[in-house]
Amino acid sequence: QVQLVESGGGPVQAGGSLRLSCAASGSIFSINAMGWYRQAPGKQRELVATITSGGTTNYSDSVKGRFTISRDNAKNTVYLQMNSLKPEDTAVYYCNCNAFRRLGVPAADYWGQGTQVTVSS
């Protein structure tokens, strides 16, 4: 199995910064894309940012210029630096990875348990 453990969430005032981390562990052969998604109360889960194994990034329009995703392939870890936070960024943030558990087995998506980010005005 593959486990994703997130850390770094918490309360912050508007305009502040937080850095989320997510480490993947377990039976991993290789990891393709890693990313962050979020879900606010009463809303569907939405993409925040993704990064491929080669470092290509993709951001939702709502976070472009404020959030930066990065990863350390040697540590199977993905980060999300969040700056200029707004109250509308309040949500549970979920880490995701698409990984091969072993050679010859199709890759699958795995999710972390989520970490709460609360931005107060």
Side-chain angles (χ1 to χ4, degrees):
Q1 195 52 279
V2 176
Q3 297 84 36
L4 298 175
V5 179
E6 300 124 332
S7 61
V12 64
Q13 289 192 329
S17 298
L18 282 175
R19 188 188 194 218
L20 305 183
S21 299
C22 172
S25 62
S27 178
I28 299 172
F29 177 71
S30 67
I31 299 178
N32 295 323
M34 301 186 80
W36 292 93
Y37 293 72
R38 67 186 182 187
Q39 187 167 17
K43 294 188 176 181
Q44 289 188 331
R45 190 174 297 188
E46 63 175 3
L47 179 144
V48 176
T50 61
I51 184 168
T52 67
S53 58
T56 300
T57 58
N58 179 53
Y59 296 93
S60 70
D61 288 342
S62 62
V63 306
K64 277 181 184 176
R66 300 188 298 122
F67 292 10
T68 302
I69 189 170
S70 61
R71 68 189 276 179
D72 184 332
N73 290 330
K75 296 181 179 179
N76 288 338
T77 299
V78 63
Y79 307 95
L80 186 67
Q81 178 66 43
M82 305 185 293
N83 298 328
S84 303
L85 282 159
K86 304 175 182 180
E88 51 263 45
D89 294 317
T90 295
V92 177
Y93 283 70
Y94 295 92
C95 175
N96 166 272
C97 80
N98 182 266
F100 292 95
R101 291 185 60 194
R102 55 185 178 274
L103 192 64
V105 176
D109 281 332
Y110 299 91
W111 293 89
Q113 79 286 355
T115 184
Q116 177 71 46
V117 172
T118 303
V119 185
S120 59
S121 58

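For the pair Arg19 and Tyr79, the distance from NZ or CZ to the six-membered ring centre is under 6.0 Å and the angle to the ring normal is within 45 degrees.
The main-chain N or O of Ile69 is found under 3.5 Å from a side-chain atom of Tyr59 such that the two form a donor-acceptor pair. Glu6 places no side-chain N or O within donor-acceptor distance of the main-chain N or O of Leu20, the cut-off being under 3.5 Å. The backbone N or O of Glu88 lies less than 3.5 Å from no partner atom in the side chain of Thr90, so there is not a single donor-acceptor pair.
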message: Walk me through whether Ser25 and Asn76 qualify under side chain to side chain contact (heavy atoms under 4.5 Å, CB included).
response: CA-CA 7 Å; Ser25 62; Asn76 288 338; over 6 Å; no

query: After noting the C-alpha distance and the side-chain angles of Leu80 and Thr68, does the key distance pass the side chain to side chain contact (heavy atoms under 4.5 Å, CB included) rule?
result: CA-CA 6 Å; Leu80 186 67; Thr68 302; over 6 Å; no

- request: Start with the C-alpha distance between Lys64 and Asp61, add both sets of side-chain angles, then the distance that settles salt bridge (Lys or Arg N to Asp or Glu O under 4.0 Å), and finish with yes or no.
  value: CA-CA 5 Å; Lys64 277 181 184 176; Asp61 288 342; 3.2 Å; yes

Steps toward side chain to side chain contact (heavy atoms under 4.5 Å, CB included) verdict (Arg66, Asp89): CA-CA 11 Å; Arg66 300 188 298 122; Asp89 294 317; 2.8 Å; yes

- prompt: Run the ring-ring contact (aromatic ring centres under 6.0 Å, His included) check on Phe67 and Trp36 step by step: do they pass?
  reply: CA-CA 11 Å; Phe67 292 10; Trp36 292 93; over 10 Å; no

task: Decide side chain to side chain contact (heavy atoms under 4.5 Å, CB included) for Gln113 and Tyr94; before the verdict, give the C-alpha distance in whole Å, the side-chain angles of both, and the deciding distance to 0.1 Å.
output: CA-CA 7 Å; Gln113 79 286 355; Tyr94 295 92; over 6 Å; no

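Between Cys95 and Val78, the shortest heavy-atom contact is SG-CG1, 3.8 Å. In terms of heavy-atom proximity, Cys22 sits nearest to Met34 at O-CE, 4.5 Å. Nearest heavy atoms, Ser17 versus Gln81: CB-NE2, 4.0 Å. Among all heavy-atom pairs drawn from Ala40 and Ala91, the shortest one is N-CB, 3.8 Å. The two atoms that bring Asn32 and Arg71 nearest to each other are O-NH1, 2.7 Å, heavy atoms only. Between Val2 and Arg101, the shortest heavy-atom contact is CG2-CG, 4.0 Å.
Hydrophobic clustering keeps Leu103 apart from Val105 (ILVMFWY residues linked when any side-chain heavy atoms are closer than 4.5 Å, directly or through intermediates). Residues Met82 and Val12 are members of one and the same hydrophobic cluster, defined by side-chain heavy-atom contacts under 4.5 angstrom among Ile, Leu, Val, Met, Phe, Trp and Tyr. Side-chain heavy atoms closer than 4.5 Å link hydrophobic residues (I, L, V, M, F, W, Y) into clusters, and following such links, even through other members, never connects Val5 to Tyr93.
Checking Tyr37 against Arg45 by side-chain atom types alone, no donor-acceptor pair falls below 3.5 Å.
Counting non-hydrogen atoms of other residues, nucleotides and ligands closer than 6.0 Å to CD of Gln44 gives a total of 12 or fewer.
Annotation: the span from Asn58 atom CG to Ile51 atom CD1 amounts to 11.0 Å, rounded to 0.5 Å. Atoms OH and CD, on Tyr110 and Gln3 in that order, are 10.0 Å from each other to the nearest 0.5 Å. Put simply, OG on Ser121 and CG on Leu85 are 13.0 Å apart, with the number rounded to the nearest 0.5 Å. Here the straight-line distance linking atom CG of Leu18 with atom CG of Asn83 works out to 9.5 Å at 0.5 Å rounding.
The shortest distance between side-chain heavy atoms of Cys97 and Leu4 falls below 4.5 Å.
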